[in-house]
Amino acid sequence: FGKVGAGAARAFQRAGARVLAVSTVAGLVAEPDGLAVEELIALRDLHGDRFVEHAGPRTRPREELFEVRCDVLVPGARPDSITPDIARRVQCAVVAPAANAPYQAGAVEVLHGRGIVGVPDFVANAGGIHLYLSVTDDDTPHTALAVIEEKIRDGVAQTLATADEHGITPFAAALHNGRAYFSHETGASDEALDELFTPPAAIA
């Protein structure tokens with residue numbers, strides 16, 4: 001629940017969702033009826049990562065975050081946080097990373113086998129890229145946010161459509177789409193594309 005996690009929590013709350021649990025290196029705080037996000041942010045400003053000790057009657061081990069039953073799980077900080085073992089235990093419908101490289105090798109395949117949508121991190125958290133590429137200097141913050149949300153939504157939708165079409169994981173689908181786009185825009189050779197993307201035979 002740092003800057004990225006807090007921003008994601010605010011976005012979820014703005015969209016009408018309940019934020020059920022948040023974690024830091026100091027522990028986990030969870031509430032089935034939903035947490036008061038702005039209160040948590042204020043506590044974090046006062047206490048840093050140890051705010052979880054002041055946010056409820058009992059601080060739980062941070063690892064229990066992956067046991068919380070929810071619709072969307074958001075890895076928000078450390079790389080490799082979703083291991084194959086955790087992928088077998090999570091109780092969610094979607095993993096939507098806010099952190100970079102959250103999936104340990106083999107985890108996306110485990111999620112896929114369980115019918116859990118593992119959105120690729122470089123699709124879900126590409127807002128910073130779109131801020132520079134898709135937003136103009138004249139756009140208001142409200143307009144900029146709307147543009148970025150639309151770009152991310154369209155990217156996720158295209159990724160999932162490709163995954164369904166080819167019967168592959170969303171991660172493989174995103175690489176497939178990225179390869180096709182890069183090839184079209186640059187005319188790069190197959191050898192060069194193979195260095196950047198999964199070869200087509202691997203996801204056919």
Side-chain angles (χ1 to χ4, degrees), residues 1-9 11-12 17-32 35 37 40 44 48-53 55-56 58-129 152 155-156 159-160 162-164 166-179 195-199 202-203:
F1 195 71
K3 290 182 178 179
V4 173
F12 287 136
R18 285 178 295 147
V19 177
L20 303 182
V22 300
S23 67
T24 71
V25 294
L28 163 75
V29 59
E31 173 53 60
L35 295 163
V37 171
L40 295 182
R44 187 197 61 186
D49 286 336
R50 304 201 76 85
F51 81 88
V52 293
E53 299 171 355
R58 183 172 69 91
T59 303
R60 295 160 53 182
R62 63 181 182 176
E63 294 80 10
E64 291 186 13
L65 177 73
F66 301 113
E67 311 294 337
V68 175
R69 186 181 298 275
C70 59
D71 295 310
V72 181
L73 174 67
V74 182
R78 299 177 64 85
D80 293 328
S81 58
I82 306 298
T83 66
D85 178 61
I86 287 174
R88 295 183 189 97
R89 294 188 285 114
V90 292
Q91 302 182 71
C92 61
V94 176
V95 179
N100 293 325
Y103 300 115
Q104 201 174 87
V108 292
E109 289 77 15
V110 173
L111 293 172
H112 188 66
R114 295 184 60 203
I116 297 172
V117 176
V119 181
D121 54 309
F122 53 91
V123 176
N125 69 11
I129 299 297
I152 298 293
V156 171
T159 297
L160 298 184
T162 300
D164 287 344
H166 294 279
I168 56 179
T169 68
F171 200 94
L175 292 177
H176 175 85
N177 290 345
R179 181 188 178 105
E195 292 184 13
L196 296 172
F197 301 97
T198 304
I203 61 172

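All figures in this text were calculated on a predicted structure; none of them were measured in a lab. Keep in mind that the numbers below use all heavy atoms, side chains included, and drop hydrogens, waters and symmetry copies. Numbers here simply count residues along the sequence, with the first being 1.
- In plain terms, the two heavy atoms of A124 and I152 that are nearest each other are O-CG2, 3.9 Å.
- Taking CG from N177 and OG1 from T162, the interatomic distance works out to 3.5 Å, rounded to the nearest 0.5 Å.
- In terms of heavy atoms, T59 sits closest to G27 at CG2-CA, 4.0 Å.
- Every residue two or more places apart in sequence or in another chain was checked for a side chain to side chain contact (heavy atoms under 4.5 Å, CB included) with E109, and none qualifies.
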Identify all side-chain donor-acceptor contacts of residues 85-92 below 3.5 Å with residues at least two apart in sequence or on another chain.
from	atom 1	to	atom 2	distance (Å)
D85	OD2	R89	NE	3.2
D85	OD2	R89	NH2	3.3
R88	NH1	P84	O	3.4
R89	NH1	E67	OE2	2.2
Q91	OE1	R69	NH2	2.8
Q91	NE2	E67	O	2.7

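- Judged as a side-chain hydrogen bond (donor to acceptor under 3.5 Å, both in side chains), and not counting sequence neighbours, D121 has no contacts.
- Atoms OG and CZ, on S23 and R60 in that order, are 11.0 Å from each other to the nearest 0.5 Å.
- Distance check, rounded to the nearest 0.5 Å: CG of L35 to CG of L20 gives 7.5 Å.
- For the pair P170 and G118, the tightest heavy-atom approach, listed with the atom from each and the gap, is CB-O, 3.5 Å.
- More than 12 heavy atoms of other residues, nucleotides or ligands shown are found within 6.0 angstrom of CG on D80.
- Between L65 atom CG and F1 atom CZ the span is 12.0 Å, to the nearest 0.5 Å.
- Sorted by first and then second residue, the ring pair (Phe, Tyr, Trp, His ring centres under 6.0 Å) pairs involving residues 96-127 (not counting sequence neighbours) are F122-F171.
- Annotation for R50: atom CZ does not count as buried by contact number, only 12 or fewer foreign heavy atoms lying within 6.0 Å.
- Here R62 pairs with nothing under the salt bridge (Lys or Arg N to Asp or Glu O under 4.0 Å) rule; sequence neighbours left out.
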Inset, instruction - Could you check V22 against V29 for side chain to side chain contact (heavy atoms under 4.5 Å, CB included), going step by step and ending with a plain yes or no? - result: CA-CA 6 Å; V22 300; V29 59; 3.5 Å; yes
Inset, instruction - Kindly indicate, with the supporting measurements, whether the criterion side chain to side chain contact (heavy atoms under 4.5 Å, CB included) is fulfilled by I82 and L73. - result: CA-CA 10 Å; I82 306 298; L73 174 67; 4.1 Å; yes
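- Residues S81 and P75 approach most closely at OG-CB, 3.7 Å, considering heavy atoms.
- Taking CG of L196 as the reference point, atom CG of L175 lies at 10.5 Å (rounded to 0.5 Å).
- E31 pairs by the salt bridge (Lys or Arg N to Asp or Glu O under 4.0 Å) definition with nothing, not counting sequence neighbours.
- A pairwise comparison of heavy atoms in A174 and P120 identifies CB-CG, 3.7 Å as the closest pair.
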Inset, instruction - Apply side chain to side chain contact (heavy atoms under 4.5 Å, CB included) to V119 and T159, showing your working. - result: CA-CA 8 Å; V119 181; T159 297; over 6 Å; no
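- Between A30 and A21, the closest heavy-atom pair is CB-CB, 3.8 Å.
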